[in-house]
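Worksheet: one structure, shown below.
Chain letters run A, B, ... following the sequence lines, proteins first and then strands; every chain starts at 1.
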Amino acid sequence: MYDFKRIEQKWQTYWKEHNTFEAKNGSEKKKYYILVEFPYPSGAGLHVGHVRSYTALDALARKRRMEGYNVLFPMGWDAFGAPAEQYAIANHIHPKDAVQENIKTFKGQIQTIGISFDWNREFATTDADYYKWTQWQFLKFYEHGLAYKAKKPINWCPKCKTGLSNEDSSGGVCERCGTPVVQKEKEQWMLRMSDYAEQLLDGLDDTKFQERTKIAQRNWIGKSTGAEVDFKVADTDETLTVFTTRPDTLYGVTFMVVAPEHPMIETLKDRIQNMDAVRAYQEEARHKSAFERTELVKDKTGVCLEGLKAINPLNDTEIPIYISDYVMMGYGTGAIMAVPAHDDRDYAFARKFDIPIIEVIKGGNIEEAAYTGDGEMVNSGVLNGMTNKKDSIDKMIAYLEETKIGRKKVNYKLQDWIFSRQRFWGEPIPMIYCEDCGWVPVPEKDLPVLLPDVANYEPTDNGESPLAAITDWVNTPCPHCGKMARRETDTMPNWAGSSWYWLRYMDAHNDKEFVSMDAMKYWGKVDWYNGGMEHATRHLLYARFWNQFLYNIGLVPNKEPFEIRTSHGMILGDNGEKMSKSKGNVVNPNEIVENYGADALRTYEMFIGDYEKEAAWSTNGLKGCKRFLDRVWKLQDCLNDKDGYTDEVLINQTIRKVTNDLETMKYNTAVSALMILVNRFEEAKTITRSDLRTLIHLLNPIAPHITEEMNEICKLGTPLCESSWPTYDEAKCESETFTMVVQVNGKVRGKIETKSETSKEEMEQLAREIENVKAHIEGKEIVKTIVVPKKLVNIVVK
RNA sequence: GCCUGAGUGGCGGAAUAGGUAGACGCACAGGACUUAAAAUCCUGCGAGGGUUAUACCUCAUGCCGGUUCAAGUCCGGCCUUAGGCACCA
């Protein structure tokens, strides 16, 4: 048992006093930038899940430093946004104070676990010095036409009383509180992220993200290739344009469907004979929440627009037009051509409304269901007889373009980013509305637009930001004409501050620029970025978009901000469920550090299982790791005066194993390899100083305190944090003998220890001499013998 | 419904250019030390059969097939489960 409290305190002080983890801008050394997602400093304090990912990347950072790199491993606080605000409201304090208090708690907790962050670069997104530049960058978006204000139906959370982006309300419920989201019309600031769909897709090829992350990003961007086709509306000048990925089925169109909000309905309202029914349906659709529209009601509803007919441009057939909420205004053109024979949704609609179904691809049975597979084209004019879907599509698109009734078209699910929130606790959007001049950006010299220091910041029911009620703040002269004008009262979403924070770390105290170009050129991309899988879509996409934009206008040197992206698995309670107060399964890292020490906690979290998978907490498992550290500690009593290594092969193998495992996030097997080494050392009873030094050196990235202390009291050399990472000799990883396995018909019948250089012939000879092997081949015909050098012999008999 | 992963002892998990399944740890059991407990140390530990004891044999990596001298690993088809997307035309 060692005095972990004293030791951990001692070394944490040592690192601080020696600035051991300071990253130096412009150093001669090779740089390495490691980033972990900065946390929301919530009132709940640090979670053992944070400890897992911080320790993992800390181990990498410590190893890189020992490998001679100038490492940037920073930490800060993502302190704007709903959680901080709700905590403040619940505890009746100003969010600013709540944030400060929580940051203090978090920082203290992180420091007790000995993570090697460079605290000199710490900042919070809520610092005026920081959000000044977030606002400045918003103005850049505005300047380049990528920020615009639009009145559009937005996702509104009635509980949080704020607008949500499409990303924040996926599944029709509020990401934050789970309340079903409703539609509300509101003027909102938008960022033209959809313009970047293709670049965001292409850029993935320049990253080394995990494949699953790339797939998630691609799915989110949702590229689909097809065609737009123009349908004339009979007896009018209107054209109804649709997007389809299946222009090959154009001859099978038997009706059209437009979204309830489609503008054509207003344009042609005088010709629609059943306008009352149409209005009623529109009303009904509007009151449906996104949840009802997408989740609950898969049953098709709709109304036929009586008096209107569309004309199929290929064969001049007149077909009916319906409105239905299964067509979304936000995607494509808000209108579709329906081919019930070959699309499940159209099929369901056609069946319900008794619309004809025309088969154009053979292979299915239209009496039973839509057929979406391949087959021979029929009833399709020029396409008849074709059997390859891709060829048919290409041919049809060529025909559409030739006859000018359609064109090739690519669509994306990715939409523009709704950038307004009706909240107090966010970066004020630096725009002013003047009656005469319209929207005017706040001049750069007036940045930051500070949040007012008031007591009332709770969200309002009328959909306005709490800032709107603060007239002193709202009323301000127009920067353009000087007449009294009004500030924008919406604030930015909490994703804003996290969309460029890694850049700020490179030059965190710069008051002239958001970051100097020199700093950005030196640090380059983030080499390794780790965060939660839940951020693999939204945050990562916003951050990449933001960075690509800055790159395109020449403000940053790399188009892609991150090289490697990894994700950690969650730590669950000991019952296998997510930790929560109500379930009573929350493990407090403070208590663990107090009772077992930071090193034990760190070692356990690395040993708990596959880093990328979730893992259930086990206090017994933690105790096992504490026991391991106690045994390491006791090895100092086993030191002898001999030189070199006791077991050259084992040491070299262990260095190789740990070195590789730390690169591939296989922390659990790295710890296990060190446990094996300790087991061997204990069996040997006596070990050399080199044995011990190498063991603690390899263990140091995971358990930095105990290892530094042992290194010091055993006088093994310079502090580990100032020493070079151990190297291994590949040639010395091979032992002189191996266990030769002998199989008969693939079943193991014997093992024998023999020299590594034993020839194939000798191996076969040795194999046959084993008694049990003899018994199994006795009296049988040997068909063949397989010999794998340094592995096994398999004798096949009949 | 679609896209990703993952299914191995009582438990967490090792092992994939196909080559000893169960490393390492936990739990459990027996023993040592102790007045006793804790801690620590030693031994055992997939299931079944077999032996005085060794030996040895059979079965076993979600299920069913296949390829191979040899399959946890490769192929085909299922089942279960976790995560992501979802009326996206």
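Rounded to an integer number of Å, the gap from CH2 of A:W220 to C1' of B:G83 is 14 Å. Note: CD1 (A:I676) to P (B:G22) measures 13 Å, nearest angstrom. If you measure from atom CD of A:E534 to atom P of B:G5, you get 20 Å, rounded to the nearest angstrom. Taking atom CG of A:D343 as the reference point, atom C1' of B:C87 lies 9 Å away to the nearest angstrom. If you measure from atom CD1 of A:I215 to atom P of B:C3, you get 11 Å, rounded to the nearest angstrom. Regarding A:D248, its CG atom lies at a distance of 14 Å from the P atom of B:A89, rounded to whole Å. Taking atom NZ on A:K784 and atom C1' on B:A70, their separation rounds to 10 Å, with Å as the unit. At whole-Å resolution of the value, CD in A:E605 and C1' in B:G25 are 16 Å apart.
Residue A:H776 places at least one side-chain N or O under 4.0 Å from the OP1 or OP2 atom of B:C57. The phosphate of B:A6 has neither OP1 nor OP2 within less than 4.0 Å of any side-chain N or O from A:R212. At B:U20, none of the side-chain N or O atoms of A:K751 fall inside 4.0 Å of OP1 or OP2 (strictly under the cut-off). Taking 4.0 angstrom as the limit, A:Y331 places a side-chain polar atom (N or O) nearer than this to OP1 or OP2 of B:A89.
Using a 4.0 Å heavy-atom criterion, one finds that A:M533 contacts no nucleic acid atom at all. Nucleic acid contact class of A:T244 (heavy atoms, under 4.0 Å, all strands): sugar-phosphate only. When heavy atoms are screened at a 4.0 angstrom cut-off, A:N772 is found touching the sugar-phosphate backbone but no base atom. Residue contacts shown for A:T785 are absent, as no nucleic acid heavy atom lies under 4.0 Å away. Within 4.0 Å of A:N679, counting heavy atoms only, lie sugar-phosphate atoms of the nucleic acid but no base atom. Within the nucleic acid shown, A:K623 has no heavy atom closer than 4.0 Å to any nucleic acid atom. Residue contacts for A:G624: at a heavy-atom cut-off of 4.0 Å it reaches the sugar-phosphate backbone alone, with no base atom in range.
In summary, the side chains of A:N679 and A:R631 do present a donor paired with an acceptor at a separation below 3.5 Å, with no hydrogens or angles considered. Side-chain contact of A:Y326 with A:D346: a donor-acceptor pair under 3.5 Å is present, judged by distance alone. In this model, a donor atom of one side chain and an acceptor atom of the other lie less than 3.5 Å apart for A:T301 and A:Y281. Side-chain N/O atoms of A:D661 and A:T669 include a donor and acceptor closer than 3.5 Å. Using a 3.5 Å distance cut-off with no hydrogens or angles, the side chains of A:E612 and A:H568 do not pair a donor with an acceptor. A donor-acceptor contact under 3.5 angstrom links the side chains of A:T737 and A:E753, judged on distance only. Side-chain contact of A:D230 with A:T241: a donor-acceptor pair under 3.5 Å is present, judged by distance alone.
Annotation: B:C41 and B:C24 have their P atoms spaced 15 Å apart (nearest Å). Here, B:G50 and B:G31 have their P atoms 27 Å apart, quoted to the whole Å. Comparing the same atom, P, in B:U58 and in B:G72 gives a spacing of 16 Å after rounding to whole Å. Nucleotides B:A37 and B:A32, compared at atom P, are 11 Å apart to the nearest Å. Here, B:G65 and B:G1 have their C1' atoms 28 Å apart, quoted to the whole Å. Taking atom C1' on both nucleotides, B:A86 is separated from B:C3 by 11 Å, rounded to a whole Å. The gap from the P atom of B:C87 to that of B:A21 amounts to 50 Å, rounded to the nearest Å. When the C1' atom is compared between B:G19 and B:C2, the two are found 38 Å apart, to the nearest whole Å.
Pair assignment for B:A6: B:U80, on the basis of Watson-Crick or G-U wobble contacts that are both within less than 3.5 Å. The pairing partner recorded for B:A71 is none, the criterion being a Watson-Crick or G-U wobble arrangement whose two distances lie under 3.5 angstrom. Checking B:A21 for Watson-Crick or G-U wobble geometry (two distances, each under 3.5 Å) identifies no partner in any strand. The pairing partner recorded for B:U51 is none, the criterion being a Watson-Crick or G-U wobble arrangement whose two distances lie under 3.5 angstrom. When both distances must be under 3.5 Å, the Watson-Crick or G-U wobble mate of B:U34 does not exist. Across all strands shown, B:A29 forms a Watson-Crick or G-U wobble pair with B:U43, both key distances being under 3.5 Å.
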A:F353 vs A:Y322, ring pair (Phe, Tyr, Trp, His ring centres under 6.0 Å): CA-CA, chis, key distance, verdict: CA-CA 10 Å; A:F353 289 87; A:Y322 288 77; 5.5 Å; yes

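Nucleotide B:G9 carries a syn base; the chi torsion (O4'-C1'-N9-C4 or O4'-C1'-N1-C2) is within 90° of 0.
Take the nearest nucleotide of RNA chain B for A:G621 and for A:K747: the residue whose nucleotide is more 5' is A:G621. Comparing A:V748 and A:D346 against RNA chain B, the residue whose closest nucleotide sits nearer the 5' end is A:V748.
Taking every heavy atom of both residues into account, A:T372 and A:K389 meet most closely at O-NZ, 4.1 Å.
Comparing atom distances between the A:N620 side chain and each of B:A89, B:A27, B:C87 picks out B:A27 as nearest.
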Protein-to-nucleotide contact annotation, 5' to 3' order, nucleotides 10-19 of chain B [B base; S sugar-phosphate only; - none; under 4.0 Å, heavy atom]: --BSSS---B

Where protein sits on nucleotides 37-46 of chain B, one letter per nucleotide: B base, S sugar-phosphate only, - none, heavy atoms under 4.0 Å: ---SS-----

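Between the side chain of A:K300 and the base of B:C87, a donor-acceptor pair under 3.5 Å is found.
In this view, A:E614 and A:M570, A:L572 satisfy the side-chain contact (heavy atoms from CB on, under 4.5 Å) rule, not counting sequence neighbours.
Remark: of the listed residues A:I323, A:V257, A:V233, A:I323 is the sole one forming a side-chain contact (heavy atoms from CB on, under 4.5 Å) with A:L305.
Side-chain rings of A:Y604 and A:Y596 stay apart, their centers remaining 6.0 Å or farther from each other. Taking the ring centroids of A:F255 and A:F349, they lie under the 6.0 Å cut-off.
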